[in-house]
Amino acid sequence: MSASEAARPAGHEAPAVRRLPGEAGIWVFIAGDLAIFSLFFLTYLYYRGDDVALFFASQQQLSLTFGTINTVLMLTSSWFVASAVHGVRRSQQGVARVCLLLAIACGAGFGVVKVFEYGEKIRAGLTLNSNDFYIYYYMLTGIHLLHVLIGTGVLIYLYRVVGSGCRDAVAIRNLESGASFWHVVDVLWIVLFALLYLVR
Amino acid sequence: MRQSLSSRLTLIWGLLVAATALSWAMGHGVGLHDRQTAGVAIIGVAMLKARYVLLDFMELRGAPPVSRFVAECWVGVLAVTMIGLFLRAG
């Protein structure tokens, strides 16, 4: 943190200087996460090419409704988190807390929908061992769900941080770091939704 | 509360939800009857959505140019490679 940042009075928007939001370390983590998931996406598409008919038939068994609801939940949660960051910069801690609470509700909603979706598949006998498509389906959505759970925990922590003030530059940077992680979880789902549910 | 929400963020969110509806329709064969064309369009729309989340929600639009360049490259290279692998499968 620079001296000018430390001296910035609370309640003022950051000056219009070009900078990465959050701490540098979170961007190293984000870059690594995106690189690993990029390999997952390409591996999925490569092996899909070996048996398009099987992947197509298996995709027909997925619920587009569940997938679409979860996509809207992720996009909406990202909107609330971005709005919370803007709120804190404007010293609107109350607005930021409401936004974070709504984002947490969206994250929890995503998890509930996933439980229903997995339950429906398992009851129909479609498990990790069913075929190659379902190995990728459970692996990719499972790792993503883990991100959602961790991210929701981060949002709960940020809700408490904002509740206790979050007015100095360090606290705002921590908020930005958590927000950036949540947006990555959103980006990953956007691509997963397209590859697993929509592309036939 | 309503006045506190950034109008740009709200506009981006609306566009992202609209793009999701468009992708959903294309996944059902609406508009594009050729499966391959629909697949390319769906991947393209998904990566455009990812780009707007990176630029506007993650604020890379206001980040140092090199950060934005890396993000734009990631979106472009991944989109082209995924479309290539999708088309290779036939």
Side-chain angles (χ1 to χ4, degrees), chain A residues 14 16-22 27 30-31 34-35 38 41-42 44-46 48-52 55-56 59 64 67-68 71-72 74-76 78-83 85-87 90 92 94-96 98-99 176 179-180 182-184 186-188 190-195 197-200, chain B residues 1 3-6 8-10 12-14 16-17 19-21 23-24 26-29 35-36 38-54 56-65 67-68 70-71 74-75 77-79 81-90:
Chain A
V17 291
R18 290 189 166 271
R19 70 169 186 88
L20 272 175
W27 288 95
I30 285 171
L34 287 177
S38 299
F41 300 149
L42 299 179
Y44 167 81
L45 282 170
Y46 180 83
R48 172 186 170 275
D50 288 346
D51 199 342
V52 176
F55 276 61
F56 179 73
Q59 283 176 292
L64 254 181
T68 305
T71 303
V72 173
M74 283 308 303
L75 292 173
T76 305
S78 255
W79 174 46
F80 284 135
V81 168
S83 299
V85 172
H86 278 234
R90 292 187 197 134
Q92 296 175 326
V95 172
V98 171
C99 286
E176 291 172 346
S180 297
W182 186 258
H183 296 313
V184 166
D186 183 21
V187 166
L188 296 176
I190 286 170
V191 184
L192 277 180
F193 175 59
L195 296 186
Y197 294 77
L198 296 176
V199 166
R200 304 288 166 94
Chain B
M1 172 81 185
Q3 288 176 339
S4 302
L5 295 175
S6 155
R8 177 167 178 87
L9 290 179
T10 306
I12 296 295
W13 170 77
L16 291 170
V17 172
T20 301
S23 298
W24 180 86
M26 287 190 293
H28 281 82
R35 190 176 58 79
Q36 283 208 321
V40 170
I42 288 165
I43 293 173
V45 169
M47 292 312 290
L48 263 180
K49 286 165 65 181
R51 179 178 181 268
Y52 277 97
V53 172
L54 289 166
D56 292 291
F57 288 174
M58 288 177 80
E59 302 182 338
L60 287 178
R61 194 180 291 282
S67 310
R68 178 171 175 175
V70 169
W74 177 77
V75 170
V77 170
L78 185 61
T81 315
M82 288 198 300
I83 288 171
L85 282 173
F86 171 72
L87 292 176
R88 164 190 159 271

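These numbers come from the heavy atoms of this one structure, side chains and all, not from hydrogens, waters or symmetry mates. Labels below follow one simple rule: chain letters A, B, ... track the order of the sequence lines, proteins then strands, and each chain is numbered from 1.
- In this structure, no portion of A:W182 lies under 4.5 Å from any heavy atom of chain B.
- For chain B, the option among A:G49, A:S78, A:A31 with the highest count of heavy-atom pairs below 4.5 Å is A:S78.
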Run the side-chain contact (heavy atoms from CB on, under 4.5 Å) check on B:W74 and A:V187 step by step: do they pass? CA-CA 12 Å; B:W74 177 77; A:V187 166; 3.9 Å; yes
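- For A:L188, no part lies under 4.5 angstrom from a heavy atom of chain B.
- When each of B:I12, B:V45, B:L16 is scored by its heavy-atom pairs under 4.5 Å with chain A, the top score falls to B:L16.
- Between atom CG of residue A:D186 and atom NZ of residue B:K49 there is a gap of 8.5 Å, rounded to the nearest 0.5 Å.
- Your options are A:V85, A:V191, A:L34, A:V72, and the one with the most heavy-atom pairs under 4.5 Å with chain B is A:L34.
- In this structure, chain B has a heavy atom under 4.5 Å from the side chain of A:F193, while its backbone stays farther away.
- Annotation: maximal heavy-atom pairing with chain B below 4.5 Å, among A:L64, A:T71, A:T68, occurs at A:L64.
- Note: A:L75 CG to B:F57 CZ = 7.0 Å, rounded to the nearest 0.5 Å.
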As a quick check of understanding, evaluate side-chain contact (heavy atoms from CB on, under 4.5 Å) for B:L60 and A:L20, giving each step before the final call. CA-CA 7 Å; B:L60 287 178; A:L20 272 175; 3.4 Å; yes
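- Summarising the local packing, CZ of A:F41 is surrounded by more than 12 heavy atoms from other residues, nucleotides or ligands at distances under 6.0 Å.
- Neither the backbone nor the side chain of A:D51 comes within less than 4.5 Å of any heavy atom of chain B.
- Of the atoms belonging to A:S38, heavy atoms from both backbone and side chain fall under 4.5 Å from chain B.
- Put simply, CG on A:L195 and CE on B:M82 are 5.0 Å apart, with the number rounded to the nearest 0.5 Å.
- Looking only at distances, no side-chain donor or acceptor of A:R18 sits under 3.5 Å from a matching main-chain atom of B:P65.
- Between the OG1 atom in B:T81 and the CG atom in A:L42 there is a gap of 6.0 Å [rounded to 0.5 Å].
- Residue B:R51: no heavy atom, backbone or side chain, is found under 4.5 Å from chain A.
- The two residues B:I42 and A:A194 come nearest to each other via the heavy atoms CG2-CB, 3.9 Å.
- Closest approach of A:V199 to B:G39, counting heavy atoms only: CG2-O, 4.0 Å.
- Separating the CD atom in B:E59 from the NE2 atom in A:H183 is a distance of 7.0 Å, to the nearest 0.5 Å.
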